[in-house]
Amino acid sequence: MTEKQRLLDNRYMRMARIWAENSYCERRKVGALLVKNQMIISDGYNGTPSGFENKCEDENNVSKPYVLHAEANAISKIARSHNSSDNATLYVTASPCIECAKLIIQAGIKRVVYGEKYRIMDGVELLERANIEVLFLEEEK
């Protein structure tokens with residue numbers, strides 16, 4: 001990896017972390033940016049679908065089943081636009097789950113940079129199996 005790419009990866013990951021602050025979820029805030037040709041083409045954070053209350057957890061502090069992940073929000077936004085995620089890089093603050101990994105593959109995203117390992121890593125394993133470049137990028141101190 002070139003020094004320029006490393007700097008860009010760190011910069012976009014910092015931006016994804018800031019974007020995660022928009023999430024209404026209390027247990028975990030996740031942000032995602034889709035970048036192509038050094039341009040942000042989409043963004044997302046975890047939360048409820050449009051038109052739903054902005055509350056991600058139920059009275060037992062369990063995530064509601066219809067909460068969308070940051071990656072799914074970013075991919076669905078790009079699907080509604082006139083842009084394409086083919087060959088894009090996805091920056092996401094937490095490693096993708098298996099369901100989001102399937103969406104990433106189908107969206108033509110070729111590179112995923114994530115900043116936090118989740119306890120279940122099957123999404124990352126699926127991305128690697130699909131020959132998508134995956135990079136774990138710890139937060140700079």
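Computed over heavy atoms, backbone and side chain alike; hydrogens, waters and symmetry mates excluded.
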pair Lys55-Lys64: side-chain heavy atoms closer than 4.5 Å: yes
Face-on cation placement of Lys29 at Tyr45 ring, 6.0 Å and 45° thresholds: no
Same apolar cluster (I L V M F W Y, side chains within < 4.5 Å links), Leu103/Ile78: yes
ILVMFWY network linking Ile75 to Val67, side-chain heavy atoms under 4.5 angstrom: no
Glu57 vs Tyr24, side-chain contact (heavy atoms from CB on, under 4.5 Å): CA-CA, chis, key distance, verdict: CA-CA 9 Å; Glu57 295 85 9; Tyr24 291 95; over 6 Å; no
Same apolar cluster: Ile104 and Tyr114, side chain cutoff 4.5 Å: yes
Residue pairs involving residues 30-84 (criterion disulfide bond (SG atoms under 2.5 Å apart); sequence neighbours excluded): Cys25-Cys56
Heavy atoms of other groups near Asp86 CG, more than 12 under 6.0 Å: yes
Distance, nearest 0.5 Å, that separates CG of Leu126 from CD1 of Ile98: 4.5 Å
By disulfide (SG to SG under 2.5 Å) - contacts of Cys97 (at least two apart): none
Greater than 12 external heavy atoms within 6.0 Å of Met1's CE: yes
Worked verdict on Leu8 versus Lys4 for side-chain contact (heavy atoms from CB on, under 4.5 Å): CA-CA 6 Å; Leu8 287 171; Lys4 180 180 179 183; 4.2 Å; yes
Nearest-0.5 Å distance, CD of residue Glu71 to OG of residue Ser95: 8.5 Å
Ion pair check, Arg111 and Asp9, cut-off under 4.0 Å: yes
Joint hydrophobic cluster, Leu135 plus Ile40, side-chain heavy atoms closer than 4.5 Å: yes
Other residues, nucleotides, ligands: >12 heavy atoms within 6.0 Å of Glu138 CD: no
Side-chain (Tyr12) to main-chain (Gln38) donor-acceptor, under 3.5 angstrom: yes
Hydrophobic cluster identity match, Val134 and Phe136, side-chain contacts under 4.5 Å: yes
Check ion pair Glu116-Arg17 (N to O, under 4.0 angstrom): no
Separation between OG1 of Thr93 and CE of Met15, rounded to the nearest 0.5 Å: 14.0 Å
Note, Arg14 side chain near Tyr91 side chain (heavy atom, < 4.5 Å): no
Side-chain (Asn46) to main-chain (Val30) donor-acceptor, under 3.5 angstrom: yes
